[in-house]
Amino acid sequence: MNGDLMDEETDIFDIMAKTSPAMQENLDVLNPEQLEATIHEGSPLLILAGAGSGKTRVITTKIAYLIAEQHIAPQSILAVTFTKKAATEMQERAVQIEPRAAHSQIRTFHSFGAWFLRLNADAAGISPNFTVYDDDDMVTLICKANPKLTKQQANHFAHKIALAKDYCFTTDDPRLVQIESEPEFRHIYSTYQARLKDTGNVDFGDLIMLPYLVLRDNEHIRHYMQNRFKVIMVDEYQDSNVAQFLLLQSLSGVNENSGTYVCVVGDDDQSIYKFRGAEIQNILTFKDKFPGTKLIRLERNYRSTAEILQIAGNVVNHNEGRLGKTLRAERGSGKKPVLAFLPNQDEEADFCANLIALSVKNGANYSDWAILYRTNAQSLTFETNFLHKKIPYQVVGALKFYEREEIKDLIAFLKLVANPRDEISFRRIINKPTRGIGAKTQDKIVETARSELLQTSETELAENNPAVSVKIENLAQTALLGLEPEQKDSKQEDVKGSLVKATRAEAQTMSKKAREGATAFVAIIDEALDLLSSTEKEQECTVIPENDKKNLSALIELLAENSGLKEYHAAQDEVTGTQRTLNMQELANSAVPFDCTMKGLLDFLDTIELDRTIAGKENQEDKNRVTLITIHNTKGLEFNRVIMTGMERGIFPRADKDAEELEEERRLCYVGMTRARNELYLTSCSMRRMYGRTEYMDASPFLLEAGAENMKVLGHAPSSFRRASFKGGDYGKNGLSHPDVETDPIKAKYKKGKRVYHDDYGYGIITRTAETDDGEYSITVTFENSGSKSFLPKYQSSSLLVTDE
DNA sequence: CCCGTCGTTATTTTT
DNA sequence: TAACGACGGG
């Protein structure tokens with residue numbers, strides 16, 4: 001044993017001896033690596049945490065430990081995650097160990113950006129009441145700024161602009177050509193950015209890039225923030241992008257001797273968002289950017305069986321350029337993963353349904369199961385099949401509550417109330433329902449408002465800088481008290497470039513019908529603002545019992561009613577049988593926890609804009625459902641039993657992947673497999689309907705990489721797979737090496753004696769089974785009313801239904 | 001302004 | 001195949 005190790009161990013014993021008994025209990029449950037990571041201090045820390053290795057436990061215990069034992073002020077700890085769900089879980093678990101963690105900043109990257117920009121709106125050149133534009137809004141704004149672009153082109157450029165911001169390329173950056181070679185791109189980006197600035201709003205990319213630019217260009221703010229946060233932790237670091245790295249770097253002051261402690265946690269094998277700007281180099285080169293970095297690996301897996309980890313590890317082992325780690329299964333051995341080859345996607349869905357139904361009959365829950373697929377389009381077959389068989393399911397990520405028309409309409413109203421310069425929201429609702437204000441009048445109003453911005457922008461500029469320093473002083477003072485500065489409410493009437501103001505002014509020149517419409521519209525906004533300011537005053541003057549306090553749902557209900565949107569969508573409900581009115585009510589209900597003030601409104605908008613995963617109410621009730629989900633969406637989740645479907649070349653991995661992208665697909669495969677606790681199934685079809693035609697499919701190369709000998713193979717494997725995998729083991733010729741089980745799912749399904757229903761011939765019984773000359777399985781059905789017919793079940797899965805069981 | 005029909009086009013997407 | 005957008009007629 002060398003001296004270094006001795007020192008380290010005595011250090012650990014030393015620290016443990018000083019720890020309070022309460023914290024000691026939390027440390028006792030950690031394994032040695034987890035413990036080392038938890039109590040590590042002094043240098044930057046990179047925790048390489050494999051799937052299911054208990055990283056959340058480490059981060060949360062670490063936060064608690066820092067507060068309780070190292071006496072770090074809770075509010076000087078910043079922990080960032082990528083999803084709202086992860087942030088909430090982290091906060092809850094940290095608070096459970098140490099209640100003072102409630103005062104720490106545990107947020108998503110984007111919500112941190114929003115928090116930062118609200119404090120520094122002036123320095124960032126945006127409205128303090130900004131709201132966030134989503135991808136659709138980006139496209140609309142690009143179209144308005146460049147009317148000659150088609151929607152498709154605008155879509156393309158919106159994507160590229162978002163990517164440019166992920167890399168933190170501003171409009172004058174020469175590296176923009178790396179993103180998009182089209183020479184017009186820089187111009188389109190610039191005009192979009194100018195137009196966006198006029199609205200006072202930001203897009204998702206700005207929530208990261210602007211805080212970085214503000215820090216870079218304002219020494220005061222930078223030093224204030226470096227002082228404000230003495231500990232910064234980042235979760236899922238492998239999926240951070242360049243802008244996020246730059247933000248972390250400047251916030252931490254690593255190059256300015258700030259003394260801030262930085263700890264990042266991630267797994268390079270789970271980096272799956274390169275297409276959205278995630279930069280795997282961030283984690284691979286972390287130790288170069290943060291000198292003296294200590295690296296700790298968490299390789300003990302507490303989630304999956306050894307068999308599952310074996311094949312997941314086999315797959316990802318084919319990648320080059322990893323930091324490298326091997327997961328050890330703490331739970332030991334379990335069932336061998338099953339690989340089922342099926343004729344087509346109808347049989348695939350059937351196979352899954354039968355597997356699930358059988359397990360439920362034997363005592364499992366529907367919620368034990370997850371169906372994973374590469375693309376959302378694949379969910380449809382499962383939904384149809386499960387609906388028919390009455391298997392309860394939920395589709396994750398597809399509900400898009402906030403993308404529904406009626407919800408977007410209401411939110412547009414709310415956004416315009418918050419920020420009267422919001423052109424996109426204004427255009428969405430000014431003439432909905434019809435107020436006689438057509439496209440031309442809208443353009444005129446927008447131009448009036450924008451010309452006002454142009455006139456005043458020079459005088460504004462002169463006032464801008466003093467405003468920043470005043471704000472910083474306020475910041476410094478409030479920080480001493482451990483409070484965040486209060487938003488001061490801006491007087492909407494005075495806002496430069498207000499579209500509401502412009503509408504009021506333009507109304508005089510309009511036709512009678514349009515004038516009435518415009519006046520009514522302005523009145524709606526005014527009344528909404530009145531409601532907000534009246535509750536604000538009430539709150540200042542009197543002490544009102546919690547229950548009597550007006551909450552933000554009152555504003556939403558008022559807007560829905562006054563705007564005519566409620567009536568408008570109720571009429572739609574009548575005709576189409578939709579539930580729009582109900583959805584609108586649902587939005588109002590979700591606003592109940594928020595104050596009926598401008599601040600409450602901004603909080604609410606932040607919450608819904610930065611967390612689109614909240615589904616409608618359907619998700620709450622009856623949680624015992626099968627989960628249908630894309631592999632991307634499963635990150636951070638786990639299930640007792642997982643079926644990875646569509647394991648075919650061209651689907652997973654997708655066809656058009658270069659070598660580097662193939663590695664990402666492989667990581668995606670690894671992520672999917674390691675979601676499973678107890679049982680893992682893989683399905684692969686030999687035929688698939690795609691784009692209206694049926695194609696022959698080949699097995700996914702990942703299946704061979706996983707190793708056929710590590711799986712129980714069912715069904716008729718494609719010859720490419722059989723040849724390459726014929727190494728004995730569990731898999732024999734024609735998949736018939738399990739005499740105890742019928743290994744061909746088709747034969748198992750269409751056994752002699754089964755009762756079936758055919759679309760054309762009605763009910764019948766399978767009276768004979770045989771093989772054709774080509775070795776295909778054929779059955780003969782005797783129908784009740786249509787005599788006897790022979791079929792190849794392989795081709796009949798959707799029209800020949802097995803009805804018993 | 002709304003509705004029907006025709007033609008086009010199909011990744012993954014924490015925020 | 002199917003779903004969605006664009007366009008034209010009522």
Side-chain angles (χ1 to χ4, degrees), chain A residues 80-89 107-114 132-136 138-139 150-152 155 158-159 162-163 165-166 202-209 234-241 243-244 270-278 344-346 372-381 383-384 396-398 400 402-403 431-436 438-439 568 571-572 575-576 606-614 629-637 646 650-657 661 664-665 667-669 671-672 688-695 798:
Chain A
V80 285
T81 64
F82 280 81
T83 63
K84 177 88 177 201
K85 197 176 171 195
T88 311
E89 191 194 348
R107 298 172 164 268
T108 65
F109 250 118
H110 289 84
S111 114
F112 172 77
V132 183
Y133 279 150
D134 65 19
D135 297 356
D136 285 347
M138 272 182 94
V139 173
T150 66
K151 202 156 190 199
Q152 202 176 30
N155 223 330
H159 176 70
L163 209 56
K165 289 185 176 183
D166 286 343
V202 298
D203 57 28
F204 277 118
D206 285 342
L207 287 173
I208 310 297
M209 185 169 81
V234 185
D235 190 21
E236 305 279 12
Y237 189 67
Q238 76 282 349
D239 281 325
S240 59
N241 59 35
Q244 285 161 339
Q270 292 186 65
S271 172
I272 54 174
Y273 282 104
K274 181 177 191 240
F275 68 97
R276 278 191 64 170
N344 56 49
Q345 73 254 56
D346 296 313
L372 275 50
Y373 37 79
R374 179 64 180 77
T375 65
N376 278 313
Q378 289 166 256
S379 76
L380 196 67
T381 319
E383 290 184 67
T384 319
V396 173
K400 297 176 189 160
Y402 294 114
E403 279 169 33
N431 202 31
K432 190 171 185 179
T434 323
R435 296 189 181 83
Y568 174 87
Q572 297 275 307
V575 182
T576 53
D606 272 356
T607 305
I608 60 181
E609 280 156 2
L610 302 181
D611 180 16
R612 320 226 103 192
T613 57
I614 303 171
I629 191 168
T630 63
I631 310 175
H632 277 92
N633 262 324
T634 61
K635 202 166 72 167
L637 304 180
I651 295 273
F652 188 29
R654 281 191 60 82
D656 48 347
K657 299 288 167 179
E661 290 171 316
E664 179 142 317
E665 297 274 302
R667 292 192 289 269
L668 193 55
C669 183
V671 168
R688 188 174 283 275
R689 280 192 315 274
M690 288 170 86
Y691 311 142
R693 61 182 63 204
T694 303
E695 311 234 31
S798 43

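Predicted model only: the values in this text are computed from it and were never measured. In what follows, chains carry the letters A, B, and so on, assigned in the order in which the sequence lines appear, proteins first and then strands, with residues in each chain numbered from 1. Side chains are part of it too, since the values below use all heavy atoms of this structure and drop only hydrogens, waters and symmetry mates.
- The aromatic rings of H632(A) and Y273(A) are tilted relative to each other, their planes meeting at an angle between 30° and 60°.
- Looking only at distances, a side-chain donor or acceptor of E609(A) sits under 3.5 Å from a matching main-chain atom of V132(A).
- Rounded to an integer number of Å, the gap from CZ of F82(A) to P of dT15(B) is 11 Å.
- The side chain of T108(A) contributes no N or O atom lying less than 4.0 Å from OP1 or OP2 of dT15(B).
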Just do the side chain to side chain contact (heavy atoms under 4.5 Å, CB included) check on K165(A) and D203(A) with the steps written out, would you? CA-CA 10 Å; K165(A) 289 185 176 183; D203(A) 57 28; 2.7 Å; yes
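- Comparing the C1' positions of dT11(B) and dA6(C) gives an interatomic distance of 24 Å, to the nearest angstrom.
- One can place CD of Q345(A) at 13 Å from C1' of dA2(C), the figure rounded to the nearest angstrom.
- Of the residues listed (I631(A), T630(A), L637(A)), the one engaging N633(A) in a side-chain contact (heavy atoms from CB on, under 4.5 Å) is T630(A), and it is the only one.
- Comparing the C1' positions of dT12(B) and dG5(C) gives an interatomic distance of 23 Å, to the nearest angstrom.
- Under the 4.0 Å criterion applied to side-chain N and carboxylate O atoms, E661(A) and K274(A) are not assigned as salt-bridge partners.
- When rounded to the nearest whole Å, the span between CD of E89(A) and C1' of dT14(B) equals 14 Å.
- As rounded to whole Å, 18 Å separates atom P of dT15(B) from atom CG of D206(A).
- No donor-acceptor distance shorter than 3.5 angstrom exists from the side chain of N431(A) to the backbone of T434(A), with no hydrogens or angles considered.
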Dump the pairs, protein N or O against N or O of nucleotides 7-13 of chain B, anything under 3.5 Å, distances to one decimal.
unit_1: dT11(B); atom_1: O2; unit_2: R654(A); atom_2: NE; d: 3.0
unit_1: dT12(B); atom_1: OP1; unit_2: N376(A); atom_2: N; d: 2.7
unit_1: dT12(B); atom_1: O4'; unit_2: R374(A); atom_2: NH1; d: 2.9
unit_1: dT12(B); atom_1: O2; unit_2: R374(A); atom_2: NH2; d: 2.7
unit_1: dT13(B); atom_1: OP1; unit_2: T630(A); atom_2: OG1; d: 2.6
unit_1: dT13(B); atom_1: OP1; unit_2: N633(A); atom_2: ND2; d: 3.4
unit_1: dT13(B); atom_1: OP2; unit_2: N376(A); atom_2: ND2; d: 2.9

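- Rounded to whole Å, the C1' atom of dT14(B) lies 26 Å from the corresponding atom of dA3(C).
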